Structures are given as structure tokens and as C-alpha cells.
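No experiment lies behind these values; they were computed from the predicted model shown. The sequence lines fix the lettering, A, B, ..., with proteins before strands; numbering per chain opens at 1.
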Protein chains: 2
Amino acid sequence: MSKPEKRDEIVRAALEMIAEHGFHGAPMAMIADKAGVGAGTIYRYFENKDLLITELYRELEERIYAAVLVGYDPEKPIRERFLYLGTAVLGYFIANPLDFRYLEQFHNSPYGMAYRRDRISGKREDRDMYRELFEGGVAQQVVKDFPLAILFALTFGPLLAVARDHILNFIVLDDELILRTIEACWDGVKR
Amino acid sequence: MSKPEKRDEIVRAALEMIAEHGFHGAPMAMIADKAGVGAGTIYRYFENKDLLITELYRELEERIYAAVLVGYDPEKPIRERFLYLGTAVLGYFIANPLDFRYLEQFHNSPYGMAYRRDRISGKREDRDMYRELFEGGVAQQVVKDFPLAILFALTFGPLLAVARDHILNFIVLDDELILRTIEACWDGVKR
DNA sequence: GCTTACAGAATGAATGTTCATTCCGCTGTA
DNA sequence: TACAGCGGAATGAACATTCATTCTGTAAGC
């Protein structure tokens, strides 16, 4: 196995094990096994478990951002962009349940809390389409005049809940139901 | 300290430590310390950590249910009941941030998954005002015709997100903003 | 009223287990 | 032969849980 290939295997295995069993249910030995490498080998690529975890998070964020960006047209009207972005993320999560589960684990952990705090306090410049969309919507009086955080909550709250329910097999989403759900979110957000 | 008093101290300490540091950041020794009892003492009241955790969850659920029930009038129109239930839970969470943080930890853990699975598959008869409310709303054609799980997502998704943001000091909610937020949820759910 | 005996509670040091991380000998390659 | 890269056993720290011991309150015996 070549060097970058091995690194990839480790990342893939970590994603799978952690998504399925949580940070604490996924010992390094288990990840190493799944990746088909020795336990010590992981430490040739990642200084420690924490760094593996945050690095993996960053890679996922990147992937999702890239996936959603394809097909996004910032010139379209607000409502249309909102529906696109909503269905795109939800679609990504449904197509990549492991990614979704991993993100959830991450967000609900001390790692995620720190990360979020940084982001809100602006330590991370985020090239965020969503922020831009909402700010535009409020300015054009198409969207309710709420603080950004509440608009996010009204959108991503249902989105993530629905993705979770689908991935855990509590409901079955088809394209029509997805669209209707995002439209309902829009009803909550629009003026 | 009397016997039930001591049990209470243990439960209170467990709530606080777990809410603040997560299940894995709250060793039994730490909980015992906070409760002012010996480590072994906890085991006189709870067979093991798992049982302490699930028992505490049940107690919290009970408290919240009781708190919200006060002032709920099943005779009122759907919209009014929806707004009441929304503000009531959100208000409870804001007044009891530890309870909220604990519930979140619980839901995002294997404990919570199992619990949820049981609930959905109907193994727990739940005397759920929310379910009843939505079912009534759909029947009266006041509420969009969605599966129950989606209506829950549209309501609790934003609610929990907003509660989290407030408790972590990412936003500040006042009564007016709370009401407007719940109204926005209603916009998402109503026909 | 005072002392002694005893049962049930409480305690916390000791135990065994589960990891993350380290270390050193091995192997395939140049 | 020399060496980079690996593997996986060894190490030590962090815990949950146990259990031999200590404490406390109650009640019988005087």
C-alpha cells in the first residue's frame, strides 16, 4: 500500500468506526484493525487521536462544501437558492450517512463546542453561502427579521432532525417528501 | 444526611457533572465528590453507572412533563396550544439549563438511541401531548399533512437548536424573541 | 441515665479492565 | 548492508466497581 493510500485507509476506517460507535466506542486498535494497519502506524500519520478526529472533521466539511457548491447559483432568487441549498445538504447526508453520523458526534462533543465557539466569535472566516443567503434575504425583506442564529436554527434544526430520523430508519424520505419538508422550512423563515 | 436526601445529592451531582462534562468526562469518583459521599456509596443507591444515567433521565423527563402540563388546556384551538407547548418547553429549558444539557447528552448517546427506538416502535406507551396535538391538527386540516416524525422535526428541531444557542451564550433570547421564534415554527407547520 | 452490642450504611483503598500511546525488533527495498 | 516504514506487544494512566473496614444510630441490659 502506498503512503497516501494508507493514510486514506486510516481516515476511512476512523470515519466508519466513529460514526457507528462514537468517539469512545472506537478505540485506536479498532480503527487500526479496520484500516488493515498496525496500531502504531496511525501515529505515523496523526500525532494523536484528537488530531485525527479534528482533521477528519475538516476533511468532511470540505467535501460537503464542495458537493453543495456544485449547482449553486448565487444569482437566482432567494427562495430558489434556499430550496436548492436545503435539498443539496439533505441529499448529501442521505447519500453519505457515515459523514452525517460523524458530524453529529463531533458537534455534540467538546471538540464541536470549541469549534462552534470559535466560528461564532468570528475566529474562523467562513465563506458561508448560508450566512450570505440569509443576510440577503433579510435585507430584501423576503425573510423574517431574525438574528442569524435563529434563521439557522429554523433551517438546520428540522433538516438535521429529518436526516437523523431517515438515517436511523425511523422514517423513509423520498424526493417529494424532502422537497415538501424544505418548503415547510421556507414557510417558517419567509416573511 | 437522611437516606433519601443522600440519594438526592447523588442525583443532583450526577446531573451537574454529566451536563457539564459529558458522560465520559464525569467519572463516578467526581460525582461522588460533588455529592459529598464516598465513591462506594453511589452503589448503594444505583446498581451501576448505566442505571444511574437512565434513571436520572427518567426523572428529568417526568419533571419536564409535569412543568409543561401545568397551564395546558386541551380544549383550546390548535394554534394556541402549539404556541403554549412551544414556549413552555423552551421556557423550561432556559430556566433549567443543566436539564437541557443532560437531555442532549443523553439523546446523542447509545442510551438515547435505544430509548428512541423503543419509543418509536411503540414499546413505550407515551401519553404525548405533542403527538395528540399534531394528529388533531392534521385531522382538522390546520396542519400540513406530514408524517408525525417530520412535524416533530419542524417543531423541535428549531426549538432545541435555539435553546442550545441560548444556553451556550451564542444568542440571548427574551420573551418576545421566543414567541416570534415559536410563531415561525408554526408558520412552518401550519397549512 | 448510662453502657454495650449490633445491624445497617458509608467509606475509600485495592482490583481488574480498557484504552491511548510508545518502543523496539522486523521486513522489504535500494 | 543500511534504512525507512511497520506492526503489535508493552506500558502506564484512567476508570468503574468491589469489599474489608469503619462509623452511626438504636435498643437492650443494668
**Asked** OH of A:Tyr45 versus C1' of D:dC6: gap in Å, rounded?
**Response** 9 Å
**Request:** Using whole Å, report how far CD1 of A:Ile42 lies from P of C:dT22.
**Result:** 13 Å
**Asked** Does the separation of the ring centres of A:Phe134 and A:Phe146 fall below 6.0 angstrom?
**Response** no
**Prompt:** Within the structure, does a side-chain N or O atom of B:Lys6 lie under 4.0 Å from either OP1 or OP2 of C:dA10?
**Reply:** yes
**Prompt:** Which one, C:dG12, D:dG7, C:dT22, comes nearest to the side chain of A:Val37?
**Reply:** D:dG7
**Request:** Could you check how far CD of A:Glu9 sits from P of D:dG7, rounded to whole Å?
**Result:** 12 Å
**Request:** Write down the distance between NZ (B:Lys49) and P (D:dT18), rounded to a whole number of angstrom.
**Result:** 15 Å
**Request:** Assign each of A:Glu47 and A:Gly25 to its nearest nucleotide of DNA chain C by heavy atoms, then name whichever residue's nucleotide is nearer the 5' end.
**Result:** A:Gly25
**Request:** Among the candidates C:dG12, D:dG8, D:dG7, find the nucleotide nearest to the side-chain atoms of A:Thr41.
**Result:** D:dG7
**Prompt:** Of all the choices, C:dT21, D:dC6, D:dC15, which nucleotide is nearest to the side chain of A:Asn48 once you look at every atom?
**Reply:** C:dT21
**Message:** Can you identify which nucleotide, out of D:dT18, C:dC19, D:dC6, has its nearest atom closest to the A:Pro27 side chain?
**Reply:** C:dC19
**Prompt:** Out of D:dA16, C:dT22, C:dG12, which has the shortest distance to the side chain of B:Ala39?
**Reply:** C:dG12
**Message:** What is the separation between atom CG on A:Asp50 and atom P on C:dC19, rounded to the nearest whole Å?
**Reply:** 16 Å
**Request:** Mind calculating the distance between CG (B:Asp33) and P (D:dA16) to the nearest angstrom?
**Result:** 13 Å
**Asked** So, A:Arg101 and A:Glu16, do they make that salt bridge, N to O below 4.0 Å?
**Response** no
**Asked** Starting at CD1 of B:Ile31 and ending at P of D:dC15, how long is that distance when rounded to a whole Å?
**Response** 11 Å
**Request:** Inspect the contact between B:Glu9 and B:Arg12 and indicate whether a charged nitrogen and a carboxylate oxygen are less than 4.0 angstrom apart.
**Result:** yes
**Request:** Using whole Å, report how far OH of A:Tyr43 lies from P of C:dC24.
**Result:** 17 Å
**Item:** Whether B:Phe23 and B:Tyr102 hold their rings parallel, tilted or perpendicular, with breakpoints at 30° and 60°
**Value:** perpendicular
**Message:** As a test of reading the structure: which of C:dT11, D:dC6, C:dT21 is closest to the side chain of B:Arg44, going by heavy atoms?
**Reply:** C:dT11
**Asked** Charged N to carboxylate O below 4.0 Å: is that the case for A:Asp145 and A:Arg191?
**Response** no
**Message:** Nearest to the side chain of A:Met28, heavy atoms from C-beta on, is which of C:dT21, D:dT17, C:dT11?
**Reply:** C:dT21
